[in-house]
Peer 1: 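Structure incoming, see below.
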Amino acid sequence: MAYQSINPATGALVKTFDNHTDAQVQAALAVAHAVYKSDWSKGDIQPRLAVLDKLADLIEARSEQLAVTLVQEMGKRISEARFEVQMSADIARYYARNAAGFLAGRKLETAHGDAWTEYHPIGVVVAVEPWNFPLYQLIRVAGPNIAVGNPVLAKHASNVPQAAAAFEQLVRAAGAPAGVWTNLYASGDQVAALIADDRVQGVALTGSEKAGSIVAAQAGKYLKKSVLELGGADVFMVLDDADVDKAAEVGAAARLYVAGQACNAAKRFLVHEKVADRFLEKFTAIFAGIKVGDPMDESADMGPLCSLAARADIAQQVDNAVQAGATLHYGGKALPGPGAYYSPTILTNVTRDNPAYFSEFFGPVAQVYVVRSDDEAVELANDSMFGLSGVVFSADVERARKLASRIETGSVWINTRSSTSPELPFGGVKRSGYGRELAEDGLKELVNQKMIVVARG
Ligand code: NAP
């Protein structure tokens, strides 16, 4: 895949980057491995945390420039890009402040003597990351791995090469030695060769099921630990006692954020029959009022999809859903002009034999289902290949909590949309992947949790 910045709002090619050669990839691995063998990885944590602290400051200092890069490469709205940049700084600072405590080790109670756990780096980690949150996805990996001392070789998505380069420069500018974080414009074959190498000990991938399955198989073949953050078809449940207007507002925002291209976006709306008409009326009115336009225009409510190819894919998925019997309740149109714009879209009457039922729609397309009971809502929620996050809207928090416990996902948010924060673990079950990023849980995925015992007497 060619590494190219193409502005999705205009279709203009901004810049093309050369792929790294096999020799460059191997040289990068040698440098990263040397870092792992050095005091940087094996020594005191404080210099590593100082880099994360400085990285947070640098991200904030360059926030506007970074935000504009994100808009121009993948088309999110400028306000969404600013939020992502600030979240990225927050994650760096979170690990700078908390990682020493998380990695302090713990005493173990045993009859064998004095025993404790220590946390050590495992070696070079290969990271494969997606374009939808070009900065946030990188810091989610960089924060914990810099803190623990694992050097990272990062293959970012081929449509966000400027963000990839900017992040590598920021890590260096924050004081990290060469090899702590290396951006590689690498091919799938080069990633496979890295994973096969004994010096690589961990793999982190965020992306589609397809890429996740390929890369996880490579990691499994060579017995490397992997963390996979994949797709989702998250439910947004609206119970019969919910504040329906608020649910419709929050639900529309949750579906249309970043033009619908978030893994944890609400994708399937399960609405109790008693409030279904009112919800759909309000929800449709909000979709109809969305101003789709230039992502640099502060007044736009939704920007383009990340590429013309992504728009063609979502348009095809909608057409297929309708051909298989779904109702196109609203939208379903590619907008004229050179940009990758697509209208906010609502599908209803999606039956279980429709391919849409089990698919992730990575664009501004909501599926609305009507349910008659809480049990039916849970059954429908769990009748999915995915299990990333979910939402329950209800005036009765106890009732919502009971449902939250029954939904097969990595997280559930009650009376608000699914989001992310440095201190909250992020990840899923089923085909949404395994392992966690962020929080203390994410820090401890790719570490050697070493146990030591000193015999008594
Ligand atoms: P994708 O095609 O899987 O791409 C993700 C990354 O994988 C890119 O860097 C891509 O490189 C790389 N890749 C693809 N095939 C590969 C292979 N055979 N070997 C090595 N690397 C390979 O995913 P996408 O469609 O761009 O991203 C959207 C998907 O990511 C959605 O399903 C979304 O839900 C998911 N996602 C999940 C999370 C989460 O935290 N769970 C977060 C964000 C996104 P190229 O660009 O060069 O192809």
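Just so you know, ligand 1 is whichever comes first in the structure, and atom 1 is the first atom listed for that ligand.
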Peer 1: With heavy atoms under 4.0 Å as the rule, classify the contact between Thr206 and ligand 1 as side chain, backbone, both or neither.
Peer 2: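 For Thr206, backbone and side-chain atoms both sit under 4.0 Å from ligand 1.
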Peer 1: Check this for me - ligand 1, Trp131, N or O atoms closer than 3.5 angstrom, yes or no?
Peer 2: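 Min N/O separation from ligand 1 is below 3.5 Å for Trp131.
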Peer 1: Quick one: pull up CD1 in Ile6 and CG in Asn159 and give me the separation to the nearest 0.5 Å.
Peer 2: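 Reported to 0.5 Å precision, the distance equals 8.5 Å.
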Peer 1: Of all the atoms in ligand 1, which lie at a distance below 4.0 Å from a heavy atom belonging to Ser158?
Peer 2: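 The atoms of ligand 1 under 4.0 Å from a heavy atom of Ser158 are 45 (P), 46 (O), 47 (O).
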Peer 1: If only atom types and distance count, is the side chain of Lys76 paired as donor or acceptor with the main-chain N or O of Gln261 below 3.5 Å?
Peer 2: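 Between the backbone of Gln261 and the side chain of Lys76 there is no qualifying donor-acceptor contact (under 3.5 Å).
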Peer 1: Please verify the inter-ring angle class for Tyr185 with Phe17; under 30° counts as parallel, over 60° as perpendicular, anything in between as tilted.
Peer 2: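 Ring orientation of Tyr185 relative to Phe17: tilted.
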Peer 1: Any idea which atoms of ligand 1 are less than 4.0 Å away from a heavy-atom of Val128?
Peer 2: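 Here the atoms of ligand 1 in question are 6 (C), 7 (O), 9 (O), 12 (C), 21 (N).
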Peer 1: With only distance considered, is Gln137 within less than 3.5 Å of ligand 1 through an N or O on each side?
Peer 2: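 N/O-N/O distance under 3.5 Å: no.
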Peer 1: At under 4.0 Å between heavy atoms, which part of Met74 makes contact with ligand 1: side chain, backbone, both or neither?
Peer 2: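 No part of Met74 is near ligand 1 at this cut-off.
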Peer 1: Please identify which atoms of ligand 1 are closer than 4.0 Å to at least one heavy atom of Ile214.
Peer 2: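 Near Ile214, the atoms of ligand 1 are 18 (N).
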Peer 1: Are Ser5 and Gln162 close enough that a side-chain donor and a side-chain acceptor fall under 3.5 Å?
Peer 2: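 Yes, side-chain donor-acceptor contact under 3.5 Å.
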Peer 1: Check each of His156, Arg140, Glu437 against atom 40 (O) of ligand 1 and report the one with the nearest heavy atom.
Peer 2: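 The option holding the nearest heavy atom is Arg140.
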Peer 1: Give yes or no for whether the N/O distance cutoff of 3.5 Å, strictly under, is met between Ala262 and ligand 1.
Peer 2: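 No, there is no polar N/O contact under 3.5 Å.
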Peer 1: Can an N or O of Ser432 be found at a distance shorter than 3.5 Å from an N or O of ligand 1?
Peer 2: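 Not met; the criterion fails.
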Peer 1: If the cut-off is 4.0 Å to any non-hydrogen atom of Gly188, which atoms of ligand 1 fall inside it?
Peer 2: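 Selected atoms, number and element: 19 (N), 20 (C).
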Peer 1: Pull out every atom of ligand 1 sitting under 4.0 Å from any heavy atom of Val215, numbered as shown with elements.
Peer 2: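 Answer, ordered by atom number: 19 (N), 20 (C).
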Peer 1: Is it true that the side chains of Gln316 and Asn320 contain a donor and an acceptor less than 3.5 Å apart?
Peer 2: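 Judged by distance alone, the side chains do pair up.
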Peer 1: Run down the list Glu129, Glu209, Arg436 and name the one with the heavy atom closest to atom 8 (C) of ligand 1.
Peer 2: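 Nearest option to atom 8 (C) of ligand 1, by heavy atoms: Glu129.
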Peer 1: At under 4.0 Å between heavy atoms, is it the side chain or the backbone of Asn132 that contacts ligand 1, or both, or neither?
Peer 2: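 It is the side chain that touches ligand 1; the backbone stays farther off.
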Peer 1: Taking side chain as C-beta onward, heavy atoms only, is Gln26 less than 4.5 Å from Asp197?
Peer 2: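 Yes, at least one pair of side-chain atoms sits under 4.5 Å.
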Peer 1: Answer yes or no for Phe133: is there a heavy-atom contact with ligand 1 below 4.0 Å?
Peer 2: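 No, Phe133 has no heavy atoms under 4.0 Å from ligand 1.
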Peer 1: Do Val124 and Asn150 have side-chain heavy atoms sitting under 4.5 Å apart?
Peer 2: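 Val124 does not reach Asn150 side chain to side chain.
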Peer 1: Per the salt bridge (charged side-chain N to carboxylate O under 4.0 Å, His left out) rule, what does the pair list look like for residues 140-150, sequence neighbours excluded?
Peer 2: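 Matches after skipping sequence neighbours: Arg140-Glu437.
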Peer 1: Spell out, as yes or no, whether a donor-acceptor pair under 3.5 Å connects the side chain of Arg255 to the backbone of Val365.
Peer 2: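 Yes, because the side chain of Arg255 sits within donor-acceptor range (under 3.5 Å) of the backbone of Val365.
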Peer 1: Heavy atom to atom 36 (N) of ligand 1, shortest distance: which of Ser307, Gly212, Gly231, Cys263 holds it?
Peer 2: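 That would be Cys263.
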Peer 1: For ligand 1 and Leu230, I'd like to know whether there is a polar contact (N/O to N/O, distance under 3.5 Å).
Peer 2: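 Between Leu230 and ligand 1 (N or O atoms, distance only) the closest approach is under 3.5 Å.
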Peer 1: Relative to atom 33 (C) of ligand 1, which among Tyr3, Phe386, Phe362, Phe426 owns the nearest non-hydrogen atom?
Peer 2: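 Minimum heavy-atom distance to atom 33 (C) of ligand 1 goes to Phe362.
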Peer 1: Against heavy atoms of Leu388, which atoms of ligand 1 measure under 4.0 Å?
Peer 2: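 Result: 41 (N).
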Peer 1: So which of Glu360, Glu229, Gln190, Lys155 gets nearest to atom 47 (O) of ligand 1, if we judge by its closest heavy atom?
Peer 2: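 Among Glu360, Glu229, Gln190, Lys155, the closest heavy atom to atom 47 (O) of ligand 1 belongs to Lys155.
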Peer 1: Would you check if the side chain of Gln65 reaches a backbone N or O of Arg62 as a donor-acceptor pair within less than 3.5 Å?
Peer 2: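 Not a single qualifying donor-acceptor pair exists.
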Peer 1: For the residue pair Phe386 and Asp234, establish whether any side-chain heavy-atom pair is separated by less than 4.5 Å.
Peer 2: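 A side-chain contact under 4.5 Å is absent here.
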Peer 1: I want to check something: taking the side chain as every heavy atom from C-beta on, are Glu129 and Val141 in contact at a cut-off of under 4.5 Å?
Peer 2: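 Answer yes - side chains close enough.
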